[in-house]
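A note on names: the letters A, B, ... follow the listed sequences, proteins ahead of strands, and every chain is numbered from 1. Please read all numbers here as calculations on a predicted model, not as lab measurements. When reading the values below, keep in mind they use all heavy atoms of this one structure, side chains included, and skip hydrogens, waters and symmetry mates.
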2 protein chains.
Amino acid sequence: MANRHTQTCAIAAALNILGDHWTLLLVREAFYGATRFGEFQRNTGIAKTLLSDRLFFLEKEGIFRKEDVGERGTRYAYYLTEKGRALETVMIALMQWSNEYVYGRGKEPVQLLDRSTGKPVPQLQLRNRKGEALGAMDVAFRAGPGASKATRRRLESIE
Amino acid sequence: MANRHTQTCAIAAALNILGDHWTLLLVREAFYGATRFGEFQRNTGIAKTLLSDRLFFLEKEGIFRKEDVGERGTRYAYYLTEKGRALETVMIALMQWSNEYVYGRGKEPVQLLDRSTGKPVPQLQLRNRKGEALGAMDVAFRAGPGASKATRRRLESIE
DNA sequence: CTGTATCCTTAAAGATACTG
DNA sequence: CAGTATCTTTAAGGATACAG
């Protein structure tokens, strides 16, 4: 990234944390079970300097938690925090979109299965409180308590 | 991005399309209703050269569709395609994560409301075929038909 | 194994000016 | 309004060597 986004916007804020070349791949690895520096490096191909940077940053952001596993503090493990695990919906949404629209049916690199039944996990679906599916046009975006003037103006101009 | 990712991976493939500084902000604008070059520019602050590049690329990728709206092909509108609209779950997942973990309750810049009832949209939730909620550890990642040898090996080593 | 310190190269971001 | 052409700057990515 050249600069950070300065807009008061949930997407922009998320991009400031997750929106670089490698971060989501590191999060993916963590979901796959990686915990060690070397695992992250081998499984993604990221340079060591970058990996060091990213892990430090992501720990600072509260997405990873670093834990000693060696005798003299020479071995470490990185675990997702609750904030990190909460990225599951983001990960799954990206995987499902990519499987369906980039690779296409029958060419998915990774399938998502319900561990207890072995059956595919259905597409993520936005639902209302009654459990009814919501379509793209059923969702309204309204300025929240933390909205800036610009955001408020932007959202009120929608329709 | 310096390079494209070369791994056979749904996340990596998605990042090759969406993973730059601006793209998801442009998609956000489209969901908010923007269709014109100038709207995208003003509402995001992106440079015109970049915007031109991105719109061209995203049209090539089948996420936006460009349509003439002027008399002599001098005015255009950009609409999300089905592939683009399918990014809704990605967008919503990012917004909900950011609202909850970056801004925090009561400080959300944007609220998501069910248009027909005006009530907040519940968190996206992964469910199995019976509609039961799935937790982070209930999902298994298995190599699919399009998996590379490396992916297959990686996934089989998980547990 | 888990990093840090340097250095170098590339390309992404963006300002400015111009066009139909 | 909707771009394109150029040029400059900056920073991100990554190779290499070294260290506890």
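Listed candidates were C/dG3, D/dG3, D/dC1. Nearest to the side chain of A/Y76 is C/dG3. Relative to the side chain of B/R54, the nucleotides D/dA5, C/dA13, C/dC1 differ in distance, and C/dA13 lies closest. Taking every side-chain heavy atom of B/K48 into account, D/dA2 is the closest of D/dA2, C/dA13, D/dG14. For B/T49, taking side-chain heavy atoms from C-beta onward, the closest of the listed nucleotides D/dT6, D/dG3, C/dG20 is D/dT6. Relative to the side chain of B/W22, the nucleotides D/dG14, D/dA2, C/dG14 differ in distance, and C/dG14 lies closest. In this structure, the nucleotide among D/dG13, C/dG3, C/dG20 sitting nearest to the side chain of A/H21 is D/dG13. When distances run from any side-chain atom of A/S52 to the nucleotides C/dT4, C/dG3, C/dA15, the shortest one goes to C/dT4. Listed candidates were D/dG14, D/dG3, C/dT2. Nearest to the side chain of A/A47 is D/dG14. Comparing D/dC1, D/dG3, C/dC1 against the side chain of B/R36 picks out D/dC1 as the nearest.
Atom CG in B/D53 sits about 12 Å away from atom C1' in C/dA11, given to the nearest Å. Going from atom CG of A/L50 over to atom P of C/dG3 covers 14 Å, rounded to whole Å. A straight line from CZ of B/F64 to C1' of D/dA2 spans 16 Å, rounded to a whole angstrom. Regarding B/L26, its CG atom lies at a distance of 15 Å from the C1' atom of D/dA2, rounded to whole Å. Spacing between atom CD1 of A/I46 and atom C1' of D/dA15 amounts to 14 Å, rounded to whole angstrom units. For the pair A/E67 CD and C/dC1 C1', the computed distance is 18 Å after rounding to whole Å. In this structure, CG of B/L51 is placed 13 Å from C1' of D/dT4, rounded to the nearest angstrom. Following rounding to the nearest Å, B/H5 (NE2) and D/dG13 (C1') show an atom-to-atom distance of 12 Å.
Checked against ring pair (Phe, Tyr, Trp, His ring centres under 6.0 Å), B/Y103 has no partners two or more places apart in sequence or in another chain.
A salt bridge links A/D20 to A/R54: at least one charged side-chain nitrogen sits closer than 4.0 Å to a carboxylate oxygen.
Judged by closest nucleotide on DNA chain D, B/R42 is the one of B/R42 and B/F56 placed further toward the 5' end.
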Go through it in stages, so that I can follow the logic: the residues are B/E82 and A/Y101, the test is side-chain hydrogen bond (donor to acceptor under 3.5 Å, both in side chains), and I'd like the CA-CA distance, side-chain angles, deciding distance and then a yes or no.
CA-CA 9 Å; B/E82 188 205 333; A/Y101 289 96; 2.8 Å; yes
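The six-membered or imidazole ring of A/F141 lies near that of B/Y32, with a centre-to-centre distance under 6.0 Å.
Nucleic acid contact for B/Y78: sugar-phosphate only, since backbone atoms but no base atoms lie under 4.0 Å from a heavy atom of the residue.
Aromatic ring pairs are classed by plane angle as parallel below 30°, tilted from 30° to 60° and perpendicular above 60°; the pair A/H5 and B/H21 is parallel.
In this model, the phosphate group of C/dG14 is approached by a side-chain N or O of A/N3 to a distance below 4.0 Å at OP1 or OP2.
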